[in-house]
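A quick write-up on the structure given underneath.
For the numbers below, each heavy atom of this structure counts, side chains included, while hydrogens, waters and symmetry mates do not. Remember, it's a predicted structure, so these values are computed and weren't measured experimentally.
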Amino acid sequence: MPDAPDRAAVPARGVRTEPPGEFAAKDQAGSSATAPDFLRRALADARSPRVPALSPYAPERPFPWTGPGLPLFDGGRRQTDAAAAFGGPRRRAAAGARTDSGPGSATTGTGRAGAAPLRHDAPLDLSRLLRLSLGVPAGTSGRLRPVPSAGALHPVRAHLLVGPGCSLPPGRYAYDPHTHRAQPRGPAPDGVPAGALLVLTVAASRTVAHYGHRAWPLLLLDAGHAVAALAQAGPPTTDVLVCLDADAALLSAAAGLPRAPARHKEWQGAELEPPLAAVWFTPSGGSVRAVDPLSAWAAARARASAPTRAPGAPIAQLRELGDTQRLLCLLAQSSARPAGTWHPGSRPDGVTEKALTARRSARPDDLRRPSERELLAGVLATARTASPAGLDWTVVAGGAAPALYTASPGEPGLRLRAHGDARPTLAHWAACQTWICTTGAVLLAHGCPDDAPPAVARTAHLGAGFAIGLAQTHATALGLRTRPIGSWQQADLGAALGEAPGRDWIVHGLALGAPPAKATSPPATRTTTPLTSRTATPSATRTATAPAARTGAPRATRPTPHSTAPPALGTTARTTPPGEEERP
């Protein structure tokens with residue numbers, strides 16, 4: 001997903017001073033709203049063409065946990081004093097006297113009792129796992145990581161619950177992706193299962209400052225992508241299970257976090273982090289179905305260490321941030337199945353460590369070449385297999401005969417759903433990103449009706465991010481170029497295809513393009529009609545006309561949205577140049 005340039009600071013909109021509390025919300029008239037009405041309005045607002053207002057640029061906050069973090073590198077040559085990190089005041093003081101938690105330092109042991117090495121020969125090497133998934137590559141700014149994120153903002157945080165058989169000693173940790181360190185937060189309760197359990201939370205402030213009322217679906221998609229990145233980075237000696245619907249109270253208790261409504265009072269100055277998902281790595285062949293890992297970690301009811309309060313005045317909280325945090329807390333509640341549902345989450349066939357580290361969002365100009373249908377069918381099958389119930393999948397293909405395809409029931413390959421070129425309409429729906437008009441193909445996850453209950457809205461977005469994350473690395477392993485598309489407005493695919501409106505909305509997308517063919521002769525010159533810009537609007541958008549469609553293009557069935565006026569076949573709206581779209 002492209003990253004918009006830094007914006008000039010403007011007066012903050014709707015600043016509130018009270019902390020985010022219960023899940024009831026108030027509309028602009030001040031009347032209270034029930035949870036279903038709150039979610040329904042949030043869905044409608046995020047899917048509307050309303051452009052988010054500008055807000056002050058929000059810099060990335062420092063990692064909130066400080067102290068003698070345990071480094072996760074150097075192949076086990078460095079020692080860590082885990083006993084001192086988890087011991088009493090004297091041991092913690094001794095550890096602080098001989099350790100340095102700065103970015104370039106390591107916690108070194110002295111050979112005395114209690115010094116425990118990082119076991120890189122353990123069945124689960126957490127250093128490798130996190131380096132291939134969430135970690136910041138060495139020597140980079142942190143924008144580009146193995147896991148994609150809307151606007152390269154990376155709001156997902158990982159809390160590590162480490163049991164026996166891991167390279168870290170058992171205990172609770174917070175992971176710092178910039179320094180590749182695990183910050184000890186407390187000991188492990190007795191009887192926790194072997195392996196590691198990762199609870200994922202989201203810090204929403206930067207994403208809300210960037211995307212406004214469209215931020216909360218992107219936060220859920222980002223969390224789903226993080227789940228996929230972790231699941232694919234698991235070693236072959238472990239089984240991977242993912243959970244997208246566990247209750248927030250249980251997730252918080254397992255990770256040693258205060259529950260969301262009380263977090264502001266107990267951890268003043270710390271940003272609210274609603275927990276949304278969990279990933280469990282267990283030794284292969286073990287009997288894991290009879291174990292509830294979240295309940296095992298939550299049994300001790302012990303609150304782990306709190307983050308450090310940032311110095312200076314507290315950051316003003318935008319009204320949209322408070323609404324987004326309350327909505328995420330609402331979606332994280334699960335009264336039907338508090339312990340959640342665990343699904344297998346292994347990497348697709350053919351995905352190697354190289355494919356995990358090489359995955360990057362391609363430039364729009366590199367996505368123009370159509371892909372072979374067999375490759376598209378394989379990527380579609382990966383997404384369908386990984387996604388939870390309630391999501392449907394469609395491939396919009398370009399080329400000489402553009403059309404829409406779905407999976408063929410009971411057999412490999414693609415089944416034709418509709419003729420015609422839907423890419424201009426998709427470009428209009430996807431925040432007017434005109435490069436989609438010329439991309440080779442787009443994989444679409446769709447569902448989540450207007451009246452979706454919180455559980456359905458949560459799993460639809462988390463599941464779409466998870467499945468697209470797996471499909472993206474699979475496509476990378478197949479040699480395809482990829483680029484996720486997260487923001488969609490008025491994208492009612494069902495209504496566009498003649499079905500009931502409001503029932504089948506696009507949730508997430510993945511642009512796909514084949515790599516350039518090796519030319520054996522000078523390429524032929526192709527003439528295109530230049531785009532003609534018009535006067536910019538107050539929202540910093542521009543419109544233009546594209547070349548007219550070829551008369552020979554199939555036009556029997558072509559998607560058109562309801563309740564909006566997308567560009568006709570062969571034309572589209574245009575904003576800023578590709579890669580700098582306004583809140584894509």
Check: Does the distance from a Lys or Arg side-chain N to an Asp or Glu carboxylate O, for Arg143 and Glu60, drop under 4.0 Å?
Finding: no
Check: Taking Arg214 for the side chain and Ala46 for the main chain, is one N or O donor matched with an acceptor at less than 3.5 Å?
Finding: no
Check: Hey, are the side chains of Val156 and Leu134 touching, using non-hydrogen atoms and a 4.5 Å cut-off?
Finding: no
Next item on the list: With the side chain counted from C-beta on, respond yes when Glu273 and Leu257 share a heavy-atom pair under 4.5 Å apart, and no when they do not.
Entry: no
Check: So do the side chains of Pro454 and Gln333 get within less than 4.5 Å of each other, counting heavy atoms only?
Finding: no
Checklist line | Member of Pro146, Ser133, Pro348 meeting the side-chain contact (heavy atoms from CB on, under 4.5 Å) criterion with Gln232 | finding: Pro348
Next item on the list: Calculate, to the nearest 0.5 Å, the distance between atoms CG and CZ belonging to Asp323 and Arg41 respectively.
Entry: 9.5 Å
Next item on the list: Report yes or no: does Ser149 contribute a side-chain atom to a donor-acceptor pair with the main-chain N or O of His154 at less than 3.5 Å?
Entry: yes
Check: Are side-chain heavy atoms of Leu272 and Cys329 found at a separation under 4.5 Å?
Finding: yes
Notebook entry, point to check: Hey, what do you get for CG (Leu250) to OG (Ser295), rounding to the nearest 0.5 Å?
Noted result: 5.0 Å
Notebook entry, point to check: Taking all non-hydrogen atoms of both residues, which atom of Pro453 and which atom of Leu39 are closest, and how far apart?
Noted result: C-CD2, 3.7 Å
Check: Taking the side chain from His508 and the backbone from Ile485, do they hold a donor-acceptor pair closer than 3.5 Å?
Finding: yes
Notebook entry, point to check: Hey, is Asp450 close enough to Arg40 for a salt bridge, meaning N to O under 4.0 Å?
Noted result: no
Item checked: Side-chain donor or acceptor of Thr473 paired with backbone N/O of Leu470 under 3.5 Å -> yes
Margin query: Test your reading of the model: is there a side-chain donor-acceptor pair from Arg172 to the backbone of Ala254, 3.5 Å cut-off?
Written below: yes
Note to self: Rounded to the nearest 0.5 Å, what separates atom CG in Leu230 from atom CZ in Phe466?
What the structure shows: 10.5 Å
Note to self: Is there a side-chain contact between Trp488 and Leu444 in this structure, where contact means two heavy atoms from C-beta onward sitting under 4.5 Å apart?
What the structure shows: yes
Note to self: I need the Arg145 CZ to Arg360 CZ distance, nearest 0.5 Å.
What the structure shows: 11.0 Å
Check: Among side-chain atoms of Thr341 and Arg337, is any donor-acceptor pair under 3.5 angstrom?
Finding: yes
Margin query: Using modelled atom types and a 3.5 Å cut-off, is there a donor and acceptor pairing between side-chain atoms of Ser284 and backbone atoms of Thr237?
Written below: yes
Item checked: Aromatic ring proximity Trp280/Trp342, centre distance under 6.0 Å -> yes
Next item on the list: Take Arg131 and Glu353 through the salt bridge (Lys or Arg N to Asp or Glu O under 4.0 Å) test and state the conclusion after the steps.
Entry: CA-CA 11 Å; Arg131 176 177 57 82; Glu353 180 175 325; 3.5 Å; yes
Next item on the list: Using a 4.5 Å cut-off on heavy atoms from C-beta on, say whether the side chain of Val279 contacts that of Leu197.
Entry: no
Margin query: Quick check for you: to the nearest 0.5 Å, what is the distance between Trp297 atom CH2 and Leu251 atom CG?
Written below: 14.0 Å
Notebook entry, point to check: Do side-chain atoms of Glu271 reach the backbone of Ala204 as a donor and acceptor pair under 3.5 angstrom?
Noted result: yes
Checklist line | Partner set under ring-ring contact (aromatic ring centres under 6.0 Å, His included) for His159, not counting sequence neighbours | finding: Trp65
Item checked: Side-chain H-bond candidate by donor/acceptor type, Thr459 with Asp245, under 3.5 Å -> no
Notebook entry, point to check: Nearest heavy-atom pair of Leu200 and Ala223: which atoms, and what distance?
Noted result: CD1-O, 4.2 Å
Checklist line | Close side-chain approach of Arg157 to Pro64, heavy-atom, < 4.5 Å | finding: yes
Next item on the list: Please round to the nearest 0.5 Å and tell me the distance separating atom CG of Leu356 and atom OG1 of Thr476.
Entry: 9.0 Å
Check: Can you name the residues that form a side-chain hydrogen bond (donor to acceptor under 3.5 Å, both in side chains) with Thr238, not counting sequence neighbours?
Finding: none
Next item on the list: May I have the step-by-step check of side-chain contact (heavy atoms from CB on, under 4.5 Å) for Val507 and His461, ending in yes or no?
Entry: CA-CA 7 Å; Val507 178; His461 288 82; 3.6 Å; yes
Notebook entry, point to check: Are the side chains of Leu198 and Leu130 in touch, meaning some heavy atoms are under 4.5 Å apart?
Noted result: yes
Item checked: Residues His180 and Ser127: side-chain donor-acceptor under 3.5 angstrom -> yes
Item checked: Heavy-atom closest pair, residues Ala339 and Asp292 -> CB-OD2, 3.6 Å
Item checked: Exam field: side chain Gln433 to backbone Ala430, donor-acceptor pair closer than 3.5 Å -> yes
Next item on the list: Of all the heavy-atom pairs spanning Ala457 and Leu331, show the shortest one and how long it is.
Entry: CB-CD2, 4.1 Å
Next item on the list: Please report the C-alpha distance between Arg61 and Ser205 in whole Å, then the side-chain angles of each, then the deciding distance to 0.1 Å, and finally whether the side-chain contact (heavy atoms from CB on, under 4.5 Å) criterion is met.
Entry: CA-CA 10 Å; Arg61 296 186 181 185; Ser205 59; 4.1 Å; yes
Note to self: Using every non-hydrogen atom in the two residues, find where Gly212 and Glu320 come nearest and quote the distance to one decimal.
What the structure shows: CA-OE1, 3.3 Å
Margin query: Which heavy atom of Asp45 sits nearest to which heavy atom of Arg50, and what is that distance?
Written below: OD2-NH2, 2.7 Å
Check: Between Arg458 and Leu330, is there a donor-acceptor pair closer than 3.5 Å when you use the side chain of the first and the backbone of the second?
Finding: no
Checklist line | Backbone of Gly256 reached by a side-chain donor or acceptor of Arg185 within 3.5 Å | finding: yes
Check: Given Ser252 and Val199, is the side-chain contact (heavy atoms from CB on, under 4.5 Å) satisfied, shown in steps?
Finding: CA-CA 8 Å; Ser252 297; Val199 174; over 6 Å; no
Note to self: Would Gln183 and Phe63 count as a side-chain contact (heavy atoms from CB on, under 4.5 Å) here? Give the steps.
What the structure shows: CA-CA 10 Å; Gln183 174 62 43; Phe63 186 64; 4.1 Å; yes
Notebook entry, point to check: Is the ring centre of Trp393 less than 6.0 Å from the ring centre of His446?
Noted result: no
